[in-house]
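Presented below is the structure to which this report refers.
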Amino acid sequence: MVDYRTVKSVAVLEVNNPPVNALSYNVRQGLQDGIERANKDKEIKSIIIIGKGRTYPAGADISEFSKPHKGPNLIEVGLGIESSRKPVISAIHGTCLGGGLEIALFSHYRIALESAKVGFPEVALGLLPGAHGTQRLPRVAGMAFAMEIITSGRHVSAREALQHGILDKLVKGNLLSESLDFAASLPFSVPHNRRLRNVPAKGAENADRIFEVALNKVKQKQNGFIAPINCLKAVKAALLPYEEGAKIERELFMELLTSGQAKAQQYVFFAERAATRWYVSNEKNQKKCSAVPVKTTGVIGAGTMGSGIVVTLLRAGLPVILVEQDSQNLERGVNMIKGILQGSVNLKRMTSQQMNKCLQQLTPAQSLDSLHNVDLVIEAVFENLKLKEEIFGKLDEICKQQTILCSNTSTLDIDKIARATKRPDKVIGTHFFAPAFVMPLLENVYGTKTSGETIATVMNLGKTIRKIPVLVKTCHGFVANRMLARYQTEASFLLEEGCLPHEYDQVMEEFGFPMGAFKVGDLSGLDIGYRIRQELAKANGYTVTTDTRYIQGERFSSLADKLYELGRLGRKTGKGWYKYDRPGAKEAFVDPDVTDIILKHCKDAGIIRRKISTQEIVERSMYSSINEGFRCLEDGVASKPEDIDVIWLHGFGFPRYRGGPMYYASTIGLAEVYDRICYYHKTFPESSYWVPSDLLRKLATSGRNIPMSDWSTAATVNKSRL
Ligand code: 3HC
Ligand code: NAI
C-alpha cells in the first residue's frame, strides 16, 4: 500500500491504494513505517510522500468509519511526520482532500502540480477534519479562509491554495523529479516554523467577528446540519495553544462521528455512487452494455422544461436544435435560455465568451424535419399522451435510424410512447426536474423494450451534463412523482383536517426540506397540478370539480382546484397558498383569505377541524411516501433503496442529514414505521395507498434487522411468492 524506495539521498513513500489512495489501515501503517525507516537510515536526507496513479490521498477511507479501528490513527501518523528530523515534502497531484490534506499539512513542505486541487470535504460527510486539519489550516491560511474552506468543503485550485499559503510551490511536468529537485534545495534539518504547531493561527485579532459572520452564514445556508457549526468551533479553537485546540477538535469530531447525521451523510456518499450503477437483467446491465456517442442533440418544446434542458445541454458543450411549434413561444424560450446563461455570467459561473460559444451551438427551428440527423432528441411538449404519441411517430419517420428518442414526461408510460414508433428499443424517458438547469437529478426511465445500449447512453449523458442519473422502470409517475403524489395528497388532507399552509410548511421545513409542500406548490404554479388532474380525469373517464370529495372511492381534496379557479396560481400571479408583494416575488406571507377559503371548504364538506401534532404531520407526509417507496421496490420500478433516496435528495431537496426517505425509515426502525402505517390505514380506509406494502410487512415482521442492502433481494423473493 505504501511503496518505499530511495532515489539518491531521498526516501520516496509512494501511496498505492487505488482508485483514490484513501488512507486506509495499510496506508497509515505504511506511512508510519516509512517515516521511521527513513529517519533511521543515515543515507537519507529528506522524504517525499507522493500518490501513485491519479491522485495524492483523497482522504480517510470512509468505508472504515463503521468498522472497528485498526492500527495507527491518522493523528499518530501525522505527528510522526511532523516530528521527523528529516524534512518531509508532500508532492501533490489530483485531489488532496480531507485526511490527505492533513497529512500534507503535517509535512514540512507542500509542492503541487498546477492541476491539483486541495480541500476539506469532511463537512459533506457530517464530520470535521479530525486529524488536526482545523488546527493547521488557520496557521497557514488564516482564520477566515480556513472557516470558509472547512464549512463549504469546496475544492480549492492549486493556484488559490498557493496564494493562501497552503502550498509552497507549483510545478509543471514530472511531479516526482520536480520534488526531488526541490528536496535537494532544502536544508538538512527542519526549520522551527515548518512544524505548523509552532506557528500561531493567522487572523487571531478578528477571530470573534469572523466566527460570528461565518456562523450566521452556515445557519442560513446549511440550516439543520450540525457539522458546519462544529467545524467553526474547532477552527476557532486554533487560537488556543496547539494541544488544547487539538483536544477540542477531537471532542467536536467525536460528537459528530457518533451523531446520526454523520452516518446518514456517509450513507449518502456511497448511495450517490451506487445509484449511477445500473442493472436490469443479465443482458441489460452496466457491465455488458456500452453507450453510443452523443455529439448532436435536439429538444422539442421551448417551455419551462425544454428551455432549461437546452441550457444544461449547451453548458456541457453539446449543440442543440430547439424545435417549437409556436413562434412566440420559440422566441420566449430562446430569450429564457439567453437570460439563464447571462445569469451564470453575472454570477461569474461562466465567462461571456463561454456564453457566446453556448449560444452559437443553439439552432432554433420550427419543424421537426430539422432533427433528421441528430444523435438524441429530448421531447418536452405538454403532458398529453396523444400529442407525445404523434410526435414520436413523426420523429420515427424523420430521424436517422440510430437516433435515440427521449421523453421528459413526468408521469406517462414510456411503453405507450414507444409503441408509436418502430424503434421501441431506442425510446426512453429522461425526466428532468424543474428548474432543469439547476436540479441535479435525472430520472431515466426504461420501458419494456428499451435496449441496454439506449439505457447506457442516457446514463452516460447524465454524467456528461453533470447530473446525477438514476435508472427506474416505467409506470405511472415513475419513482419520483409516484412517491411525491402521496406526500402532496397527505399535505392537502392535513389542510382539510386542521392545518394551515404555513403551519404545515413550517413543520416540514424544520424536518429539513428547503420549502414545505405549499411553498413548492406556489413556486411551480397551481395550474400544473390542476392540468394533470384534469388530464388524468379525461384519460380515465371521470370528471373532477371543486365539489368532488371522492374519485373512484378514493378520498380527494379539491382545495387546490378552488384556489386555481380563483386565479391563485402561485408566485406568478402574486397569490396562491400564500400572498406575495407582487407577481413573481419570492417572499411568502400568510394570507387570511386562504384561511377563509380553507375554513369555508371544511364547513361546506362537514369536516370538523382539529389540532394536528407535528408528529402526525411528519408521519403522514413521510410514511405514506415510504410505503409507496417499498411498493416501488416490490414492483421492481426501483431496483434498490439507494436509488429512491438519491431521487429524493436531488429531486426534492430531502435533507441529506437524514439520508433519504428509505434510509430515514431504517433509522426509525421498519417495525415502528410498519405499525404506524397500519394505524393510518385503519384510520383512513378511504385512501388505499395506506395499505401496507407486502415487502415492508415482510421486512418489518421478520424479527430481524434486515440491512438495506438486502431489501431488494427480499423484494424479488417476495414477488416470486405472489
Ligand atoms: N474512502 C473510501 N472510498 C472512497 C473515498 C474515500 N475517501 N473516496 C472515493 N472512494 C471510492 C468511491 O466510493 C468510488 O468507489 P466505487 O467505484 O466502488 O463506487 C471510487 O472511490 C471512485 O470515487 P468517485 O466515483 O467519487 O471518483 P471521482 O473521480 O468522481 O471523484 C474524489 C474522486 C473527488 C476523490 C471523490 O471520490 C471524493 O470526493 N471522495 C471523498 C473525499 C473525501 O470526502 N475525503 C475526506 C474523507 S474523511 C477524512 O478524511 C476524515 C479525516 O479528516 C479524519
Ligand atoms: P410548457 O407548457 O412550459 O411547455 C411546453 C411547450 O411545448 C410549449 O412551448 C408548447 O408550445 C410546445 N409544444 C407543444 N406541442 C408542440 C409540438 N407539437 N411541437 C413543438 N413544440 C410543441 O410545459 P413544461 O412545463 O415545460 O412541460 C413539458 C414536459 O415536461 C411535460 O411533459 C411535463 O410533464 C414535463 N415536466 C414538467 C415539469 C415542470 O415542473 N414543469 C417537471 C418535469 C417534467
Side-chain angles (χ1 to χ4, degrees), residues 17-24 54-65 73-75 78 94-103 117 119-134 150 153 155 249 253 257 262 265-266 269-277 299-309 322-330 332-333 336 365-368 378-385 387-388 390-391 394 407-412 429-436 439 441 443 463 480-481 520 523-525 527-529 531-532 535 651:
N17 185 20
V20 299
N21 287 323
L23 293 154
S24 46
R54 66 196 233 201
T55 185
Y56 189 85
D61 184 340
I62 303 165
S63 66
E64 280 187 356
F65 289 167
N73 67 31
L74 212 50
I75 299 177
T95 39
C96 165
L97 303 175
L101 180 54
E102 286 170 315
I103 289 294
K117 297 244 160 81
F120 279 127
E122 282 87 342
V123 71
L125 300 168
L127 295 173
L128 56 77
H132 297 191
T134 63
I150 292 176
H155 295 185
E249 178 196 86
F253 179 79
L257 190 66
Q265 286 174 252
Q266 284 153 34
F269 177 84
F270 289 112
E272 283 171 340
R273 281 149 185 86
T276 61
R277 290 193 280 270
V299 171
I300 309 171
T304 314
M305 293 306 290
S307 307
I309 295 168
L322 170 62
V323 180
E324 165 64 55
Q325 60 170 12
D326 179 306
S327 59
Q328 272 183 354
N329 285 5
L330 184 59
R332 192 197 53 198
M336 206 190 311
Q366 278 197 267
S367 161
L368 291 178
I378 301 175
E379 163 278 312
V381 302
F382 307 128
E383 188 75 342
N384 177 305
L385 182 61
L387 175 62
K388 292 198 194 256
E390 191 189 310
I391 289 183
K394 283 186 191 162
S407 174
N408 185 51
T409 172
S410 42
T411 50
L412 301 171
T430 47
H431 180 205
F432 290 77
F433 287 68
M439 296 304 282
L441 181 64
E443 189 183 33
K463 287 187 190 164
N481 284 337
V520 173
L523 175 65
S524 324
D527 48 331
I528 294 198
R531 287 219 188 90
I532 291 175
E535 279 292 326

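Ligands are counted one by one from 1 in listed order, and the atoms in each one are counted from 1 as well. All values derive from a computational prediction rather than experimental measurement. Note that these values count all heavy atoms, side chains included, but never hydrogens, waters or copies made by symmetry.
Of the listed residues (Leu97, Ile150, Leu127), just one forms a side-chain contact (heavy atoms from CB on, under 4.5 Å) with Glu122, and that residue is Leu127.
Polar contact check, Ala58 against ligand 1: a nitrogen or oxygen pair lies under 3.5 Å apart. Looking at Ile62 next to ligand 1, an N or O pair under 3.5 Å apart turns up. Backbone and side-chain nitrogen or oxygen atoms of Ser63 are examined, and none is located within less than 3.5 angstrom of a nitrogen or oxygen of ligand 1. Checked against a 3.5 angstrom limit, the closest N/O atoms of Phe253 and ligand 1 fall outside it.
Of all the heavy atoms of Pro19, the ones lying under 4.0 Å from any atom of ligand 1 belong exclusively to the side chain. At a heavy-atom distance under 4.0 Å, only side-chain atoms of Thr95, from C-beta outward, approach ligand 1. The proximity of Asn408 to ligand 2, defined as any non-hydrogen pair under 4.0 Å, involves the side chain as well as the backbone. The proximity of Phe269 to ligand 1, defined as any non-hydrogen pair under 4.0 Å, is limited to the side chain. The proximity of Asp61 to ligand 1, defined as any non-hydrogen pair under 4.0 Å, involves the side chain as well as the backbone. Neither the backbone nor the side chain of Thr411 comes within 4.0 Å of ligand 2, counting heavy atoms alone. If you look at Leu412 next to ligand 2, there are no close heavy atoms at all, none under 4.0 Å. Contacts with ligand 1 closer than 4.0 Å are made by side-chain heavy atoms of Pro121 only, the backbone lying farther away. Of the heavy atoms in Leu387, only side-chain atoms (C-beta onward) come closer than 4.0 Å to ligand 2. If you look at His431 next to ligand 2, the close heavy atoms, those under 4.0 Å, all belong to the side chain. Heavy atoms of Phe433 found under 4.0 angstrom from ligand 2: none, in either backbone or side chain.
Here is the list of ligand 2 atoms found below 4.0 Å of a heavy atom in Glu383: 31 (C), 32 (O), 33 (C), 34 (O). Atoms of ligand 1 found under 4.0 Å from any heavy atom of Gly130 (numbered from 1 in listed order, with element): 53 (O), 54 (C). Proximity to Phe270 (heavy-atom distance under 4.0 Å) selects the following atoms of ligand 1: 13 (O). Of all the atoms in ligand 1, the ones that sit under 4.0 Å from a non-hydrogen atom of Pro129 are 53 (O). Of all atoms in ligand 1, numbered sequentially from 1 with element shown, those under 4.0 Å from a heavy atom of Gly98 are 46 (C), 50 (O). In the vicinity of Ile300, heavy-atom distances shorter than 4.0 Å reach the ligand 2 atoms 19 (N), 20 (C). Every atom of ligand 1 with a heavy atom of Leu125 under 4.0 Å away is listed here by number and element: 44 (O), 47 (C), 48 (S). Near Glu102, the atoms of ligand 1 lying under 4.0 angstrom from a non-hydrogen atom of the residue are 52 (C), 53 (O), 54 (C). Near Ile528, the atoms of ligand 2 lying under 4.0 angstrom from a non-hydrogen atom of the residue are 41 (N).
Closer than 4.0 Å to atom 12 (C) of ligand 1 lies at least one heavy atom of the protein. There is a protein heavy atom closer than 4.0 angstrom to atom 40 (O) of ligand 2.
Atom 28 (P) of ligand 1 has its nearest heavy-atom neighbour, among Arg273, Gln266, Arg54, in Arg54. For the residues Gly306, Ser410, Ala380, the heavy atom positioned nearest atom 5 (C) of ligand 2 is part of Ala380. The nearest non-hydrogen atom to atom 47 (C) of ligand 1, considering only Gly99, Gly100, Ser24, Ala60, comes from Ala60.
Protein heavy atom at the shortest distance from atom 10 (N) of ligand 1 is Val20 CG2, 3.9 Å. Closest to atom 17 (C) of ligand 2, if we only count protein heavy atoms, is Gln325 OE1, 3.6 Å.
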